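This report concerns only the one structure given below.
Just so it is clear, the values below take in all heavy atoms, side chains as well, and ignore hydrogens, waters and symmetry mates. Just so you know, ligand 1 is whichever comes first in the structure, and atom 1 is the first atom listed for that ligand. What you see is a predicted model; the values in this text were computed from it and never measured.
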Amino acid sequence: MGDEDWEAEIIKPHMSSYVPVFEKERYSSGANGDTFNRTPASSSEMDDGPSGRDHFMRSGFASGRSLGNRGYQDGNDSEASGSSRRGGRGGFRGRRGGFGLGSSNSEYEQDEGMQRAGGLFGSRRPTLSGAGNGDTYQSRSGSGSGRGGYKGLNEEVITGSGKNSWKSEAEGGESGDTQGPKVTYIPPPPPEDEDSIFAHYQTGINFDKYDTILVEVSGHDAPPAILTFEEANLCQTLNNNIAKAGYTKLTPVQKYSIPIILAGRDLMACAQTGSGKTAAFLLPILAHMMRDGITASRFKDLQEPECIIVAPTRELINQIYLEARKFSFGTCVRAVVIYGGTQLGHSIRQIVQGCNILCATPGRLMDIIGKEKIGLRQVKYLVLDEADRMMDMGFGPEMRKLISCPGMPSKEQRQTLMFSATFPEEIQKLAGEFLKSDYLFVAVGQVGGACRDVQQTILQVGQYSKREKLVEILRNIGDERTMVFVETKKKADFIATFLCQEKISTTSIHGDREQREREQALGDFRCGKCPVLVATSVAARGLDIENVQHVINFDLPSTIDEYVHRIGRTGRCGNTGRAISFFDPESDNHLAQPLVKVLSDAQQDVPAWLEEIAFSTYVPGFSGSARGNVFASVDTRKNYQGKNTLNTAGFSSSQAPNPVDDESWD
Ligand SMILES: Nc1ncnc2c1ncn2[C@@H]1O[C@H](COP(=O)(O)OP(=O)(O)OP(=O)(O)O)[C@@H](O)[C@H]1O
């Protein structure tokens, strides 16, 4: 397919009659729908982002991404405009740079799921405009005015008036009949047999190298790290489950976090992707619950869970739930998961049967609280996974609503735990609202650093050469599982369709696909039926899929943190992986500096051309965008000196803690 076809297809996709064979069934109505031939009413319609705000913020930092300048085909779909220059692919001369500067990125990144009003190809779900399937932008416009239900920031609820409201579903959003079609999807039940519950993949050859990573613990009176599971002194059932899960050795984040959580302390923990953060919070919470002699929760109309775990995407929260279910196997602790895009009644039915650990996406959680199915009085543990994401502009307001909900114990009365691979300074500063002032901060390796088990390659590829290069790479890769990240939802489907045309079995996941389709896509990818998954940032964080050997950034994300999360879908748990990113100087120069930094910190080769771009865009003293300077900080609290640096074998490599009385915030 020639480059010149690209624009034609984007603008007039109805001219193409091709539907991938295996996708035909799913897209049977409207696969060639009138999807693109309408001008969106707002920038949000063409973005994975929550709104025009996203574009606005980006345009302020990233050249060439302004919707205003470049019109409909622009913004995110930058392939549609600009020069068609090819090449310029840099070599891989191994000079390691090191600028040590902040990122120039804005973090008002893609907030998937915001515009859930029918798939790109037109889902079977009727659209509201009455214009037929595929009339996607019509119905999506106006911040979701066409539909209520789960729209925002993956899960955020938007009312018919387009305003965020955690009561919207109760008021007729997703479940109502005035706002649009009912969401009827009921996800398949989780596996019941022990083999499936404990199915796991092998740790990789670099698992033991985790021990060499430096760990910094800051804050006062941190309990010492443990070196073995035995030292955690967990109950027998938990130990059995840990063994059945194939865990024999603690990862660094587990060595430090488990005793801290067991000691009842609040925690902000930052550790590289794929290094076991989920078990780091689940195991001590479960241990506490068992020690407290938790009783089986019974069928009740109002459930009062002891633990609430929130995460930004549906697939991720489901994964966390499955982990909770695995580690609580054989105990009376009941974990429940609820997330948007599924039938509300189903969520309620799961909850009323009993709920000790509630795993939820923010929108559905607030809806269920609004419906008085969940009471918060008993909450002892509040976990924010991907915490930087949960506190940023997208989810922050929902999280604030959550902690100020009637009945929610104050931060002094509950234990709050935050985990992520990235923690920009600005976001850390917000955490004071959620955490007790004496919280501990654990940084495994470089805060915001990329996993060293991922071999990173940056190729200079102009926008019109990307598809050709992608096919070339995928043909070389063969059947190895590969995630391809693109910037927008519509491009995800476009590239997936294109790859299918090229006879490369591909599926896609993004926020405009129905939940059933998202889960099917993930399932097809997991089992290898479709070895290529084209995704937007909805799949960037947390997803733990066995055997993902490659990540390709067809489009680079707008922020370096997002890059770190995306490439972290491979190289997990000591396994090795590869990440290839297409760098388009027309649109990605703002990432040059932080990329050079991330590459050199992870001991990767830095292409000379990238260093040159980074150097030419060097801004002295520039500390980054609203996303924060990801490189400067460990713990942003000032005046505190309780800092301890150790390698994860437990040997101190610096001063012992020297506590001072106060920790203050900027
Ligand atoms: N101690 C351990 N021994 C063996 N496997 C482990 C151990 N801890 C975690 N794992 C496995 O490692 C994988 C990655 O763990 P997990 O998903 O918790 O990573 P993460 O740090 O949360 O990653 P991300 O930052 O991408 O969310 C999972 O398959 C998990 O079961």
Side-chain angles (χ1 to χ4, degrees), residues 197-211 213 225-232 234 238-239 241-258 269-285 309-313 315-327 359 383-390 417-423 442-451 453-454 483 526 537 539-548 551 561-575 577 579 648:
I197 291 171
F198 287 98
H200 61 272
Y201 62 83
Q202 295 303 312
T203 58
I205 48 166
N206 291 336
F207 189 79
D208 287 339
K209 286 195 193 157
Y210 281 154
D211 283 342
I213 302 175
I226 53 171
L227 300 181
T228 62
F229 280 112
E230 293 71 47
E231 282 181 63
L234 307 172
L238 271 183
N239 282 330
N241 292 342
I242 289 166
K244 282 191 242 172
Y247 292 17
T248 52
K249 205 175 152 187
L250 291 157
T251 67
V253 70
Q254 293 163 358
K255 287 179 181 174
Y256 285 83
S257 302
I258 290 174
C270 188
Q272 68 183 61
T273 51
S275 65
K277 293 187 283 293
T278 318
F281 60 77
L282 281 176
L283 290 174
I285 289 174
I309 303 170
V310 283
T313 68
E315 291 75 16
L316 176 56
I317 200 66
N318 204 28
Q319 183 181 296
I320 294 169
Y321 158 70
L322 292 173
E323 292 288 290
R325 203 163 164 266
K326 171 168 87 181
F327 290 122
C359 307
V383 183
L384 274 57
D385 196 28
E386 308 297 341
D388 52 333
R389 187 73 188 83
M390 299 308 293
L417 311 169
M418 299 187 171
F419 284 79
S420 184
T422 51
F423 264 115
V442 169
V444 181
Q446 181 95 33
V447 173
C451 172
D453 298 326
V454 182
M483 290 177 81
R526 271 186 204 278
S537 288
R541 285 179 180 253
L543 292 186
D544 183 54
I545 300 167
E546 180 173 9
N547 245 339
V548 176
V551 168
D561 286 358
E562 185 77 18
Y563 171 83
V564 167
H565 286 281
R566 281 185 184 184
I567 68 167
R569 295 319 98 212
T570 184
R572 298 176 70 76
C573 207
N575 291 287
T648 58

Exercise for the section: Starting from atom 18 (O) of ligand 1, find the nearest protein heavy-atom neighbour and note its residue, name and distance. Expected result: T278 OG1, 2.7 Å
Practice task
Identify, by atom number and element, the atoms of ligand 1 in contact range of T203, meaning under 4.0 Å from any of its heavy atoms.
Solution key: 4 (C), 5 (N)
Practice task
Please identify which atoms of ligand 1 are closer than 4.0 Å to at least one heavy atom of R569.
Solution key: 26 (O)
Exercise for the section: Ignoring hydrogens and angles, state whether a donor on the side chain of D544 or Y201 is under 3.5 Å from an acceptor on the partner side chain. Expected result: yes
Exercise for the section: Taking Q319 for its side chain and E315 for its backbone only, find out whether a donor-acceptor pair lies under 3.5 Å. Expected result: no
Handout entry: Mode of E386 contact toward ligand 1 - side chain, backbone, both, neither (heavy atoms, under 4.0 Å)
Key = side chain
Practice task
Mark yes or no for whether S275, through its side chain, and Q272, through its backbone, hold a donor-acceptor pair below 3.5 Å.
Solution key: yes
Practice task
Closest by any non-hydrogen atom to atom 14 (C) of ligand 1: pick that one out of D544, V564, T273.
Solution key: D544
Practice task
Return yes when atom CD of Q202 has more than 12 non-hydrogen atoms of other residues, nucleotides or ligands closer than 6.0 Å, and no otherwise.
Solution key: no
Exercise for the section: Counting heavy atoms only, name the option from E546, Q254, Q202 that's nearest to atom 8 (N) of ligand 1. Expected result: Q254
Practice task
Starting from atom 25 (O) of ligand 1, find the nearest protein heavy-atom neighbour and note its residue, name and distance.
Solution key: K277 NZ, 2.6 Å
Exercise for the section: Say whether, by atom type as modelled, one donor and one acceptor occur between the side chain of H200 and the main chain of A245 under 3.5 angstrom. Expected result: yes
Practice task
Could you tell me if the ring centre of Y247 sits under 6.0 Å from that of F198?
Solution key: no
Problem - Contacts of type ring-ring contact (aromatic ring centres under 6.0 Å, His included), residue Y321, not counting sequence neighbours - result: none
Handout entry: Sidechain-backbone polar pair: R569 side chain, V548 backbone, donor-acceptor under 3.5 Å
Key = no
Handout entry: Non-hydrogen atom of H565 closer than 4.0 Å to ligand 1
Key = no
Exercise for the section: Identify which of G274, P252, C270 has a heavy atom lying nearest to atom 20 (P) of ligand 1. Expected result: G274
Exercise for the section: Please state whether K249 comes within less than 4.0 angstrom of ligand 1, counting heavy atoms only. Expected result: yes
Practice task
Check each atom of ligand 1 against the heavy atoms of S275 and keep those under 4.0 Å away; list them by number with element.
Solution key: 19 (O), 20 (P), 21 (O)
Practice task
Looking only at distances, please establish whether an N/O atom of ligand 1 is found under 3.5 Å from an N/O atom of G568.
Solution key: no
Problem - Proximity winner for atom 9 (C) of ligand 1, if only heavy atoms of F229, Y210, Y247, F207 are counted - result: Y247
Fill in the blank from the handout: side-chain contact (heavy atoms from CB on, under 4.5 Å) filter on I197, not counting sequence neighbours, yields R325, K326, F329
Practice task
Would you check if the side chain of Q254 reaches a backbone N or O of G276 as a donor-acceptor pair within less than 3.5 Å?
Solution key: yes
Problem - R541 heavy atom under 4.0 Å from ligand 1 - result: no
Handout entry: Numbering as shown, the atoms of ligand 1 that approach Q272 to under 4.0 Å (heavy-atom distance)
Key = 21 (O)
Practice task
If you have a sec, work out which protein heavy atom is nearest atom 12 (O) of ligand 1 and how many Å separate them, to one decimal?
Solution key: C573 SG, 3.0 Å
Completion exercise
Here the atoms of ligand 1 under 4.0 Å from any heavy atom belonging to Y201 are 13 (C), 29 (O)
Completion exercise
In this structure, atom 17 (O) of ligand 1 is nearest to the protein heavy atom R572 NH2, 3.0 Å
Problem - Side-chain donor/acceptor of D385 to backbone N/O of T278, under 3.5 Å - result: no
